Amino acid sequence: MTTRSFVALLALALSASAIHAETTAPCPGNADALGTARILAVDAATAPRVGRKHFRDTLALAAKEVVLTFDDGPEPGSSARVLDALKRECVRASFFLLGRHALAHPELARRALAEGHTVAHHTFAHPLLDRMPVAAAEAEIDRGFAAVDTALYGRSERVPRTPFFRFPGFASSPALLERLQQRAVVVFGADLWASDWNPMSPAQQLHLTLGRVEANRGGIVLFHDTKRQTAAMLPDFLQALRLRGYKVVHVVPAQR
Ligand SMILES: [Zn+2]
């Protein structure tokens with residue numbers, strides 16, 4: 001081998017290891033962590049509505065990639081346990097907060113943000129927006145945006161810092177979807193959900209959710225961090241994903 005080709009090979013090896021380090025950064029204190037495999041920037045111009053439970057399209061995920069999402073928090077107790085489980089595995093998720101809960105527990109909202117999660121929006125008080133006049137529904141959405149951003153950043157603007165929104169109960173309407181798209185807000189549905197609004201044991205919750213992940217080969221998974229059964233099974237769920245070869249994708253807003 002010539003010196004030149006050796007140097008070229010060395011450079012290749014170094015760049016490959018740099019890529020490896022970026023995608024599988026070591027997780028402090030946990031050599032067997034699931035980790036976060038990659039970051040996916042999402043914007044309303046190319047992905048205005050995602051999640052095949054309700055929409056035609058979903059995120060550009062490969063087979064066995066999952067996006068973990070949690071609705072309705074923050075809630076003392078369960079949300080902190082969820083954050084603890086994610087932190088232990090160096091997994092980054094997305095939280096769709098209720099404005100009233102963010103104002104009641106801003107420290108939990110800020111903890112999620114500080115630990116690198118995407119912190120997004122789910123209205124102020126969780127009404128079913130398709131049953132309200134459009135103007136009232138949009139005011140409710142805006143009140144949620146303002147409350148969450150005030151809890152997180154101490155101030156809010158008309159466009160939320162993270163323009164991701166999920167309808168309570170998936171109760172969207174064509175008029176509201178149109179308004180949100182005009183405002184460049186991405187509407188998240190889900191590809192599968194944990195049905196954790198139904199009371200069940202953590203073991204049942206784990207079994208049900210893993211089965212759905214396997215049946216769908218990944219996708220956007222919807223949980224509620226307000227549910228103790230979800231918080232209780234999450235450590236086992238994350239390790240099961242790792243053992244079955246699933247990868248976590250962290251969705252973030254595209255740079256504007
Ligand atoms: Zn909800």
Side-chain angles (χ1 to χ4, degrees), residues 42 48-55 58-59 66-83 85-86 93-106 108-109 111-113 117-132 134 136-152 160 162-173 176-177 179-180 185-200 205 208-209 212-213 219-234 237 251:
V42 181
R49 297 154 201 171
V50 294
R52 289 219 174 93
K53 279 284 192 186
H54 288 87
F55 302 123
T58 192
L59 295 170
V66 293
V67 171
L68 303 180
T69 69
F70 296 87
D71 285 7
D72 293 4
E75 172 105 358
S78 57
S79 295
R81 284 185 77 184
V82 165
L83 288 169
L86 296 172
S94 297
F95 290 85
F96 292 82
L97 303 190
L98 290 179
R100 68 177 179 187
H101 288 177
L103 290 182
H105 311 290
L108 278 171
R111 182 185 161 189
L113 187 70
H117 302 294
T118 293
V119 183
H121 306 275
H122 194 46
T123 73
F124 185 79
H126 214 274
L128 296 178
L129 299 177
D130 63 342
R131 299 179 188 182
M132 302 166 65
V134 171
E138 194 169 8
E140 165 71 29
I141 293 170
D142 282 337
R143 194 176 172 207
F145 288 160
V148 169
D149 276 8
T150 298
L152 292 175
T162 296
F164 292 175
F165 177 76
R166 186 180 265 146
F167 280 87
F170 289 103
S172 66
S173 71
L176 289 170
L177 289 170
R179 285 292 299 141
L180 290 164
V185 175
V186 179
V187 175
F188 275 75
D191 295 317
L192 61 120
W193 49 56
S195 296
D196 53 359
W197 49 84
N198 294 324
M200 65 187 94
Q205 185 66 75
L208 176 72
T209 314
R212 289 178 178 173
V213 168
I220 305 169
V221 187
L222 164 60
F223 296 101
H224 293 82
D225 55 307
T226 52
K227 299 296 182 186
R228 278 186 295 179
Q229 68 207 39
T230 291
M233 69 87 191
L234 197 61
F237 176 79
V251 291

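Below, all heavy atoms of this structure are taken into account, side chains as well, without hydrogens, waters or symmetry copies. Order of appearance sets the numbers: ligands from 1, and atoms from 1 within every ligand. The structure displayed is predicted, hence computed values, not measured ones.
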**Q.** Atoms of the protein (N/O/S only) found under 2.8 Å from the Zn ion (ligand 1)
**A.** D72 OD1, H122 NE2, H126 NE2
Q: May I ask you to check whether H105 and H101 show a side-chain donor-acceptor distance below 3.5 Å?
A: no
Q: Under the side chain to side chain donor-acceptor pair (under 3.5 Å) rule, collect the residues that match up with D130, sequence neighbours excluded.
A: none
Q: Please name all residues satisfying side chain to side chain contact (heavy atoms under 4.5 Å, CB included) with A147, sequence neighbours left out, ordered by chain then number.
A: L103, F124
Q.
Can you classify the ring geometry of H117 versus F95 as parallel (below 30°), tilted (30 to 60°) or perpendicular (above 60°)?
A. perpendicular
Q: Check salt bridge (Lys or Arg N to Asp or Glu O under 4.0 Å) between D72 and all other residues, then give those that pass, not counting sequence neighbours.
A: none
Q: May I ask you to decide if the ring planes of F237 and F223 are parallel, tilted or perpendicular, using 30° and 60° as cut-offs?
A: perpendicular
